[in-house]
Amino acid sequence: MINRTVKGVEEALEGVKSGMTLMVGGFGLSGIPENSIAQLVKNGVSNLTCISNNAGVDGFGLGLLLKGKQIKKMISSYVGENDEFERQMLSGELEVDLIPQGTLAERCRAAQAGIPAFFTPAGYGTEVAEGKEVRDFNGKPHILEQAFKADFAFVKAWKGDEAGNLIFKGTARNFNPVMAGAATITVAEVEELVPAGELDPNEIHIPGIFVKRIFQGEKYEKRIEQLTVRKRE
Amino acid sequence: MLDKVGIAKRIAQEVKDGYYVNLGIGIPTLVANYVPEGIDVEFQSENGVLGMGPFPFEGEEDPDVINAGKQTITTLPGASFFDSAMSFGMIRGQHVDLTILGAMEVAENGDIANWKIPGKMVKGMGGAMDLVASAENIIVAMMHTNRAGESKLLKRCSLPLTGVNCINKVVTNLAVLEVTEKGFKLLERAPGVSVEEIQNATEGTLIIDGAIPEMNIYE
């Protein structure tokens with residue numbers, strides 16, 4: 001067994017420097033690496049490029065990094081939940097690259113899987129296709145998209161073991177599995193870290209080979225963005 | 001004239017037994033409430049769930065189980081969770097049978113715009129571009145005109161496009177229309193709405209072939 005555990009969030013983030021490109025897992029506030037984000041705020045690194053489906057909300061998730069102006073550029077698919085984001089984008093303080101969600105996921109997966117580029121129909125005929133190679137396959141136009149390159153990937157799982165194996169829960173899975181192994185160094189934080197051998201190999205979603213450092217997060221707030229419930233009849 | 005619920009009820013009739021369906025945010029989300037009994041469908045949410053159920057009972061919400069609108073949801077028997085790449089694999093690979101989404105504009109050539117108003121609103125396209133580029137069966141749910149009273153069914157979209165030549169059908173508060181090579185073919189009128197009213201609210205080419213029936217909205 002190759003032990004991937006680090007002592008805590010501080011050791012997990014060793015080597016993160018200003019100007020780096022970071023992948024950050026999560027969809028909305030679900031499945032975000034809360035502890036790693038908090039530590040990035042603490043470290044005060046700046047000029048970051050963040051690849052993440054969303055940009056958090058005011059005061060939580062990546063919204064915390066935006067508030068401290070630590071992010072130079074966001075690469076996302078949907079950013080409609082954050083006023084500070086909108087303000088920084090419209091004033092030109094923040095660079096924003098909006099790309100289709102499936103393309104975002106596949107550019108991560110391609111980086112993870114060693115595929116430098118791929119063709120997708122998403123965005124053909126729109127401003128997303130500007131400057132990109134177009135080729136017809138089966139009579140349909142597709143555009144060429146490239147794998148991301150990132151220095152760190154921060155992912156969050158439900159359970160993990162010392163070997164770095166990960167299991168996700170519910171829709172908190174989202175972008176986390178495709179970002180694992182898609183950057184030079186992948187840091188996984190988990191709600192529960194167990195000794196190797198305790199997780200059934202049949203149940204592993206992401207094998208530890210994709211995870212460089214793993215630690216158990218100190219606490220998880222797991223904020224709900226849109227609480228929708230029904231009354232009992 | 002229909003309200004948003006009426007539009008959802010009419011679109012629910014397009015959902016067939018055995019369909020996997022992706023619902024966009026807004027009116028499309030309401031469609032799930034009106035699928036007729038006896039029709040088995042599974043709803044896909046692109047953040048990674050198939051077999052989405054209703055909202056949870058108060059106190060049973062789980063922050064780890066949400067839909068693409070970030071709302072807390074439940075799952076039904078037979079449901080599954082998966083990652084974002086697999087989710088869009090389902091969409092791009094045309095495994096999802098029906099996509100229902102909202103729009104700011106639809107053009108008579110099937111183009112759609114629904115993600116950006118330059119200088120005013122830039123929230124992003126989310127999964128809409130992937131959906132419209134790959135899905136074979138797309139229904140747009142929207143009001144026929146915008147808040148300023150201007151038609152949203154146009155000759156050509158004026159806003160940045162989400163996809164080209166991809167929309168099959170549009171259901172609005174006034175009408176059901178099919179996108180054909182010659183323009184918007186009027187299929188049905190909303191209850192109490194005349195062909196003339198639909199014509200006046202449609203900037204794109206409207207094809208009126210014979211008598212146009214009124215929609216049946218089942219309660």
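Note on naming: letters A, B, ... go to the chains in the order of the sequence lines (proteins, then strands), and numbering restarts at 1 for each one. Computation of the quantities below employed the complete heavy-atom set of this structure, encompassing side-chain atoms and omitting hydrogens, waters and symmetry-equivalent molecules.
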*asked:* I want to check a possible cation-pi pair here: Lys123(B) against Tyr78(A), using under 6.0 Å from ring centre and within 45° of the ring axis as the test.
replied: no

*Examine whether an atom of Val178(A) lies under 4.5 Å from a heavy atom of chain B, and if so say whether it belongs to the side chain, the backbone or both; otherwise answer neither.*
side chain

*chain A contact via Asn165(B) - which portion, at a heavy-atom distance below 4.5 Å*: neither

_Contact class of Phe81(B) relative to chain A, heavy atoms under 4.5 angstrom_ = both

*asked:* Heavy-atom cut-off 4.5 Å, strictly under: side chain, backbone, both or neither for Glu46(B) against chain A?
replied: both

*Is there a side-chain contact between Met86(B) and Arg109(A), using heavy atoms and a 4.5 Å cut-off?*
no

*Rounded to the nearest 0.5 Å, what separation is found between the CH2 atom of Trp115(B) and the OG1 atom of Thr126(A)?*
7.0 Å

*Contact origin within Glu221(A) toward chain B - heavy atom pairs under 4.5 Å*: neither

*Is there a side-chain contact (heavy atoms from CB on, under 4.5 Å) between Asn174(A) and Asp83(B) once you walk through the steps?*
CA-CA 4 Å; Asn174(A) 57 62; Asp83(B) 67 60; over 6 Å; no

*asked:* If you define the side chain from C-beta out and look only at heavy atoms, does anything of Gln71(B) sit under 4.5 Å from Glu225(A)?
replied: no

*With side-chain contact (heavy atoms from CB on, under 4.5 Å) as the test, would you mind laying out the steps for Arg230(A) and Phe57(B) before giving the verdict?*
CA-CA 5 Å; Arg230(A) 67 195 148 121; Phe57(B) 288 118; 3.4 Å; yes

*Checking Lys140(A) side chain against Ala133(B) main chain: does a donor-acceptor pair fall under 3.5 Å?*
yes

*At what distance, to the nearest 0.5 angstrom, does CZ of Phe168(A) lie from CG of Asp64(B)?*
12.0 Å

*Which bit of Val96(A) is near chain B, if near means a heavy-atom gap under 4.5 Å: side chain, backbone, both or neither?*
neither

*Mind running side-chain contact (heavy atoms from CB on, under 4.5 Å) on Gln226(A) and Asn67(B) for me, showing each step along the way?*
CA-CA 10 Å; Gln226(A) 304 281 345; Asn67(B) 65 16; over 6 Å; no

*Under 3.5 Å, side chain of Thr171(A) to main-chain N/O of Asn47(B), donor-acceptor pair present?*
no

*asked:* Does any part of the side chain of Lys70(B), heavy atoms only, come nearer than 4.5 Å to the side chain of Asn54(A), both counted from C-beta?
replied: yes

_Interchain contact, Thr162(B) with chain A, by part (heavy-atom threshold 4.5 Å)_ = backbone

_Keeping Ser84(B) on the side-chain end and Ala105(A) on the backbone end, is there a donor-acceptor pair under 3.5 Å?_
no

*Are Tyr124(A) and Val164(B) close enough that some pair of their side-chain heavy atoms sits under 4.5 Å apart?*
yes

_Heavy-atom side-chain contact between Lys231(A) and Phe55(B) under 4.5 Å_ = no

*Donor-acceptor pair, side chain of Thr72(B) and main chain of Thr228(A), under 3.5 angstrom*: yes

*Is it the backbone or the side chain of Asn82(A) that comes under 4.5 Å from a heavy atom of chain B, or both, or neither?*
neither

*Under 4.5 Å from a heavy atom of chain A, the part of Ala68(B) involved*: both

*Would you call Leu98(A) and Met129(B) a side-chain contact if the rule is heavy atoms closer than 4.5 Å?*
no

*asked:* Before you tell me yes or no, could you show the steps for Met125(B) and Gln101(A) under side-chain contact (heavy atoms from CB on, under 4.5 Å), namely the whole-Å CA-CA distance, both residues' side-chain angles and the distance that decides it to 0.1 Å?
replied: CA-CA 8 Å; Met125(B) 65 291 280; Gln101(A) 196 173 124; over 6 Å; no

*Using a cut-off of under 4.5 Å on heavy-atom pairs, state which of Ala85(B), Gly69(B), Gly89(B), Gly48(B) scores highest against chain A.*
Ala85(B)

_Proximity breakdown for Ile99(A) and chain B, heavy-atom pairs closer than 4.5 Å_ = backbone

